[in-house]
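Only one structure is covered here, and it is reproduced in the block below.
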Amino acid sequence: MAETIQIGILLYPNVTQLDATGPAQVLSRVPGAKMHMIWKTLDPVPTDAGFSIVPTTTFADCPRLDVICVPGGGGQTVLMTDEETLDFLRKQAATARYVTSVCTGSLVLGAAGLLKGYKSACHWAWRDMLPAFGAIPVAERVVRDRNRISGGGVTAGIDFGLTVAAELAGEEVAKSIQLVLEYDPQPPFDSGSPEKAGPERVKRIRERLSGLLQARQKANDDAAAKLA
C-alpha cells in the first residue's frame, strides 16, 4: 500500500484553470496521492475559462500538505495582499516537502515571503516582477531550487507536474504517467516563447496585456512594500 501523499492546489476567482488542472491531472496519478483543491469556502470558484471548479476543502479544514501548489491567473493580483491566503500558504510551507507554483503563482509565493533567495520560474511576461520579493528569475519551463519547484506559463504546468511526480515517486512512475496521458507535444506552430515568436508578435501581446500589466505591477509593488 502506497504511503498517502497530501497534495494541495490553491484555487481562487479568475484562476487560469490549466495552471491548476494540468498539474492536478498529472499528480493525481502518483501512487498514494490524495488531491485537495483548496479555497476559503466550498463554493464553486470561477476560472478564466468561463467555467467553475468546485473546491474539495477549505483553508480551515485542509490537512498538512506534502505539496502545496499555487497556480497563476488574473485573480492572482487580489491574492498578493490577501493576508488570509498568504497566512495559509506560510503555514503550509513551514512543513511541506515541496512548495511550488505555476505561472504567476510564483508571485503569490513571493508576496508570502516564501521565495526570498530562491530561483523561480514565472510566465515570461511577468518574470521580471520576481526580484521585488528577493527571488531570482530563471527563464526555464521548470525550475528547482531546494524544495521550491516552479513552472513557467500555463502549459509548463504539465512539465512541472511530471517533474514533481518524479520527485515524489521516481522517474519511472513519472514516465509511465506521461505515457498514460499521451503527453507527446507536437504543436502546429513554433511560437510558444518570446524568442520563437519574434519581437513584433511579443510587442502586440504586451500591448494587449497592458491593462493587466498595470494592475499586476501595482499589486506587486503593494505586496513588496507590505512584505518589507
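Worth saying up front: this structure is predicted, and the values here are computed from it rather than measured.
His123 contributes a side-chain N or O that, together with a main-chain N or O of Ala125, makes up a donor-acceptor pair within less than 3.5 Å. A donor-acceptor pair is defined here as one N or O able to donate and one able to accept, closer than 3.5 Å; such a pair exists between the side chain of Tyr12 and the backbone of Pro71. Between the side chain of Asp48 and the main chain of Asn14, no donor-acceptor pair closer than 3.5 Å is present. Checked by atom type and distance alone, the side chain of Asp19 pairs as donor or acceptor with a backbone atom of Gly72 at under 3.5 Å.
Surrounding CZ of Phe51 are more than 12 heavy atoms belonging to other residues, nucleotides or ligands, all under 6.0 Å away. Heavy-atom neighbours of Lys40 NZ from other residues, nucleotides or ligands within 6.0 Å: above the threshold of 12. Other residues, nucleotides and ligands contribute more than 12 heavy atoms inside 6.0 Å of the CZ atom of Arg146.
Checking each of Val142, Val26, Ile7, Leu27 against Val164 for a side chain to side chain contact (heavy atoms under 4.5 Å, CB included) leaves exactly one that passes, namely Leu27.
A salt bridge links Lys218 to Asp222: one of the charged nitrogens lies within less than 4.0 Å of a carboxylate oxygen.
If you take CZ on Arg144 and NZ on Lys119, they are separated by 12.5 Å, rounding to the nearest 0.5 Å. Atoms CG and CD, on Asp159 and Gln178 in that order, are 8.5 Å from each other to the nearest 0.5 Å. A distance of 12.0 Å separates OG1 of Thr58 from CG of Leu11, quoted to the nearest 0.5 Å.
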Can you give me every donor-acceptor pair (side chain of residues 96-105, partner residue at least two apart or in another chain, under 3.5 Å) with its distance?
from   : atom 1 : to     : atom 2 : distance (Å)
Tyr98  : OH     : Glu167 : OE1    : 3.1
Thr100 : OG1    : Ile68  : O      : 2.9
Thr104 : OG1    : Gly73  : N      : 3.2

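Residue pairs that meet the ring-ring contact (aromatic ring centres under 6.0 Å, His included) test with at least one member in residues 56-84, sequence neighbours left out, are Trp39-Phe59, Phe59-Phe88.
Between the side chains of Arg127 and Ser106, no donor-acceptor pair of N or O atoms lies under 3.5 Å.
Nearest approach of Val173 to Pro31, heavy atoms of both residues: CG1-CD, 3.7 Å. Closest non-hydrogen pair, Pro44 versus Ser52, comes out as CB-CB, 3.9 Å.
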